[in-house]
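Note sheet for the following structure.
Computation of the quantities below employed the complete heavy-atom set of this structure, encompassing side-chain atoms and omitting hydrogens, waters and symmetry-equivalent molecules. Just so it is clear: chains get the letters A, B, ... in the order the sequence lines come, proteins before strands, and each one is counted from 1.
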There are 4 protein chains.
Amino acid sequence: MARGNTRQRIQDVALELFAEQGYEKTSLREIAEHLDVTKAALYYHFKTKEDIVISLFRDLTRPIDELIAWAEQQPRTLEAKQEILRRYHAALIGAAPLFRFMQENQATVRDLSIGETFKERMVTLTQLIQEPDFPMADRVRCISALFTMHAGMFFMQHVDGDPEEKRAAVLEVAVDLVTRAHQGARG
Amino acid sequence: MARGNTRQRIQDVALELFAEQGYEKTSLREIAEHLDVTKAALYYHFKTKEDIVISLFRDLTRPIDELIAWAEQQPRTLEAKQEILRRYHAALIGAAPLFRFMQENQATVRDLSIGETFKERMVTLTQLIQEPDFPMADRVRCISALFTMHAGMFFMQHVDGDPEEKRAAVLEVAVDLVTRAHQGARG
Amino acid sequence: MARGNTRQRIQDVALELFAEQGYEKTSLREIAEHLDVTKAALYYHFKTKEDIVISLFRDLTRPIDELIAWAEQQPRTLEAKQEILRRYHAALIGAAPLFRFMQENQATVRDLSIGETFKERMVTLTQLIQEPDFPMADRVRCISALFTMHAGMFFMQHVDGDPEEKRAAVLEVAVDLVTRAHQGARG
Amino acid sequence: MARGNTRQRIQDVALELFAEQGYEKTSLREIAEHLDVTKAALYYHFKTKEDIVISLFRDLTRPIDELIAWAEQQPRTLEAKQEILRRYHAALIGAAPLFRFMQENQATVRDLSIGETFKERMVTLTQLIQEPDFPMADRVRCISALFTMHAGMFFMQHVDGDPEEKRAAVLEVAVDLVTRAHQGARG
DNA sequence: TATGAATGAGTCTTCATTCAT
DNA sequence: CATGAATGAAGACTCATTCAT
């Protein structure tokens, strides 16, 4: 039973349980039981419970940071912004459990000595897909484009239809929102 | 020290703290201290901690239920749907702390023997502002209209500008989304 | 709804619940709810919870005290002792719930500032149906006569047969035990 | 401060206190203090307070189960039944505190998700020392034999005399009761 | 006679965390 | 790498009791 991947397994189980039940309601005992180790074993790999969640965050934020870094170097054209949305959409799908966890545990995340950081990233991202001189409604459109994808990710479960088609539609609407914002600003 | 309103005061303080810190992280001790009564006093007015949150919910859902009931009797015209959005927007603003609590404690709310009910209401509401034969993208637009208002409510804090203007812009975008969905379906 | 019998009703309900669930596990709230009054009302009629149980005891012990008083004036003949058993048997049947309560809450009753008293009475009673110079086995027989009736009262539920016949048999065995004790001592 | 035996020590102290003061009136705090550990330590060894009592029960019932198993394989002769009584008497003496606890906490034990089981065992045992076609009085004698030993165990404290002699007398009377029941049935 | 509102002490239980082995 | 045993702090909840009205 040689295992060198315990740390990873802890993260996996923790993410799953945090997302499903919430951070506060998930005890280390529960995580340990799912892994068939003792609570003390968790402490070999992570200094505290918060540490686990923080490690999860780093994994979540790295792709976003990379996306932001990439976005910041793009020209502020509509086309670039559309690509940002496409990449964000892909990131969202690729890390669904992490985003779900974020979305459902906002209160907890807030004072996790890291929380602000996430909202900051979101703010940065919205700024990268709008322009400062947009009228307010168009700025809202750009912001809404992002949240359409977020909410879509979870609420769309309750809508009938082919998952692939639904995902595509969500992206289409987001892109369209940003596009209209730019046309509105121009026209 | 006027008495007779303790129940109400408990609800007020609880809502404030639940919204601010999250349900799990808010202890009854804390609520009691804020009110300058003992924990036991809370139990005179509410059977359990969950009971407090449930009572809060009833107050939250009543306006929504009324809105839904009203909406169900409207003709399925674009104009009626726009009015639904306007009314929902007003409800959102009128009960901001409650929605904020909901938004930030989704994981908790979920297994609160009442959570499902809320999501059901949201589903119903989205159905009332779309049409079953819409193409998927337009259905997403209608759903997005709702979530634009939700997210807007909280995320817009991070955007500069006159609060009144921001609120108006959020509503405008929401209404526009539904409008376009209907024009798309028609055109 | 004029009531002058609340005190009595409290005693009735309390006895029933104490016997059924035990003294400690029966809360005043529960008693009050069964009576459709508030806890505070109980305090109008009884100073404390213990007070209720003590009042119950007085009712239980009065018949026994009378029996003992009567027994003490009888000649120490076998016939008189048989009559004591018959009367005790009748008392047991007449106040079954009280005895059941006693039997099932011995630990509680013990430090109820009254408990010792009851055991004393039992000791006295056993002394009245035996003789000091009896051999030990015959003294045990006399004591056993009493406990046969006690246990019989509750354990005999688990034995098939006509209740009347069972009761008679229990009394018969008890009387026989004392009778044999006396014959043994004599013979 | 030898460790490794904590679980056993908890059981010992708990039994002592439960028997002395009753289950409900014995708090885990009290048990912990007697052992010079924290309450939480108890929870490392037992899942709940009830769990402690249940573990105590298993130890109590095992000897009885063995006795019953043995008894069921004996011929239904008077001699075998006398031996059953002797063995039950020995078991009673060997596990006096456990029986005392049972006897004095019947109300509590009843809804302990294990209680019924004990009464069942007692019923089984009484059936093994009587015969179905006995007249009622003789069946009562057999039952009484068992309860003579039970009550004797505790009530005999209040009778003067050499403990050894008293114990012997109790057994003698119990055996005699069963013997007479069988002679009566025959004669 | 009774209630509505509240208290203070205490209950069982759970948790994150520690540390010797 | 991991466990067994334990802790201290805190949590939700219950209870007997009180008292002004």
Side-chain angles (χ1 to χ4, degrees), chain A residues 1-7 10 23-32 35-52, chain B residues 1 3-7 10 24-32 35-52, chain C residues 1-7 10 23-32 35-52, chain D residues 1 3-7 10 24-32 35-52:
Chain A
M1 293 262 179
R3 289 257 173 63
N5 58 338
T6 303
R7 195 188 144 92
I10 293 173
Y23 173 77
E24 331 273 348
K25 299 224 302 225
T26 302
S27 68
L28 293 187
R29 174 175 56 65
E30 210 174 346
I31 295 176
L35 289 166
D36 238 343
V37 295
T38 42
K39 273 182 294 171
L42 304 185
Y43 279 89
Y44 179 81
H45 295 281
F46 296 93
K47 244 185 25 226
T48 66
K49 185 186 182 187
E50 191 171 333
D51 225 47
I52 298 178
Chain B
M1 296 269 177
R3 287 286 155 64
N5 57 338
T6 303
R7 198 190 141 91
I10 293 172
E24 330 273 348
K25 299 228 300 229
T26 303
S27 70
L28 294 186
R29 176 179 55 65
E30 210 174 348
I31 296 177
L35 290 167
D36 232 351
V37 295
T38 50
K39 270 180 296 170
L42 305 185
Y43 280 92
Y44 179 78
H45 294 282
F46 296 92
K47 258 194 354 243
T48 64
K49 186 185 182 186
E50 187 172 335
D51 223 47
I52 299 179
Chain C
M1 293 259 182
R3 291 258 173 62
N5 57 337
T6 302
R7 195 189 145 92
I10 293 173
Y23 173 76
E24 331 272 350
K25 297 225 304 226
T26 303
S27 68
L28 293 188
R29 175 175 58 64
E30 210 174 348
I31 296 176
L35 289 166
D36 238 343
V37 295
T38 42
K39 274 181 293 173
L42 304 184
Y43 279 88
Y44 180 81
H45 295 282
F46 296 93
K47 245 178 31 219
T48 67
K49 185 185 182 187
E50 190 171 333
D51 224 48
I52 299 178
Chain D
M1 291 274 176
R3 286 286 154 67
N5 56 339
T6 304
R7 197 189 143 92
I10 293 172
E24 331 273 349
K25 299 228 302 229
T26 303
S27 69
L28 294 187
R29 177 178 54 67
E30 211 173 348
I31 296 176
L35 290 165
D36 232 350
V37 295
T38 51
K39 270 181 294 168
L42 306 185
Y43 279 91
Y44 179 78
H45 294 282
F46 296 93
K47 258 198 350 250
T48 64
K49 185 184 181 187
E50 187 171 336
D51 222 47
I52 299 180

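The CG-P distance, from Asp36(A) to dC1(F), rounds to 18 Å in whole Å. Between Glu30(B) atom CD and dA12(F) atom C1' the separation is 14 Å, expressed in whole Å. Atom pair Arg7(D):CZ and dA6(F):P shows a separation of 13 Å (rounding to whole Å applied). Rounded to a whole Å, the CG atom of Leu42(A) is 15 Å from the P atom of dC1(F). If you measure from atom CG of Asp51(D) to atom C1' of dT14(E), you get 15 Å, rounded to the nearest angstrom.
At a threshold of 4.5 Å between non-hydrogen side-chain atoms, the residues Leu28(B) and Ile52(B) count as touching. Side chains of Thr6(C) and Leu35(C) form no contact here, defined as non-hydrogen atoms less than 4.5 Å apart.
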Produce the list of close N/O pairs, under 3.5 Å, pairing protein atoms with atoms of nucleotides 13-17 of chain F; give distances to one decimal.
residue	atom	partner	partner atom	Å
dC13(F)	OP2	Tyr43(B)	OH	2.7
dC13(F)	OP2	Lys49(B)	N	2.9
dC13(F)	O5'	Tyr43(B)	OH	3.1
dC13(F)	N4	Lys39(B)	NZ	3.0
dC15(F)	OP2	Arg29(C)	NH2	3.0
dA16(F)	OP1	Lys49(C)	NZ	2.7
dA16(F)	OP2	Leu28(C)	N	2.8
dT17(F)	OP2	Tyr43(C)	OH	2.9
dT17(F)	OP2	Lys49(C)	N	2.8
dT17(F)	O5'	Tyr43(C)	OH	3.2
dT17(F)	O4	Lys39(C)	NZ	3.3

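When all heavy atoms are compared, the tightest approach of Lys25(D) to Glu30(D) is O-OE1, 3.8 Å. Here the closest heavy-atom approach between residue Ala32(B) and residue Thr38(B) is recorded as CB-C, 3.8 Å. Of all non-hydrogen atoms in Thr48(A) and Tyr43(A), the two that sit nearest each other are CA-CE2, 4.2 Å.
The cationic atom of Lys49(A) (NZ for Lys, CZ for Arg) lies less than 6.0 Å from the six-membered ring centre of Tyr23(A) and within 45° of the ring axis.
Between His45(B) and dG4(E), a side-chain N or O to OP1/OP2 separation shorter than 4.0 Å is absent. For dA6(E), the OP1/OP2 oxygens have a side-chain nitrogen or oxygen of Thr6(B) closer than 4.0 Å.
Between dC1(F), dT7(E), dA2(E), one nucleotide has an atom nearer to the side chain of Tyr44(A) than all others, and that is dC1(F).
Nucleotide dA20(E) is matched to dT3(F) when pairs are restricted to Watson-Crick or G-U wobble geometry with both distances under 3.5 angstrom.
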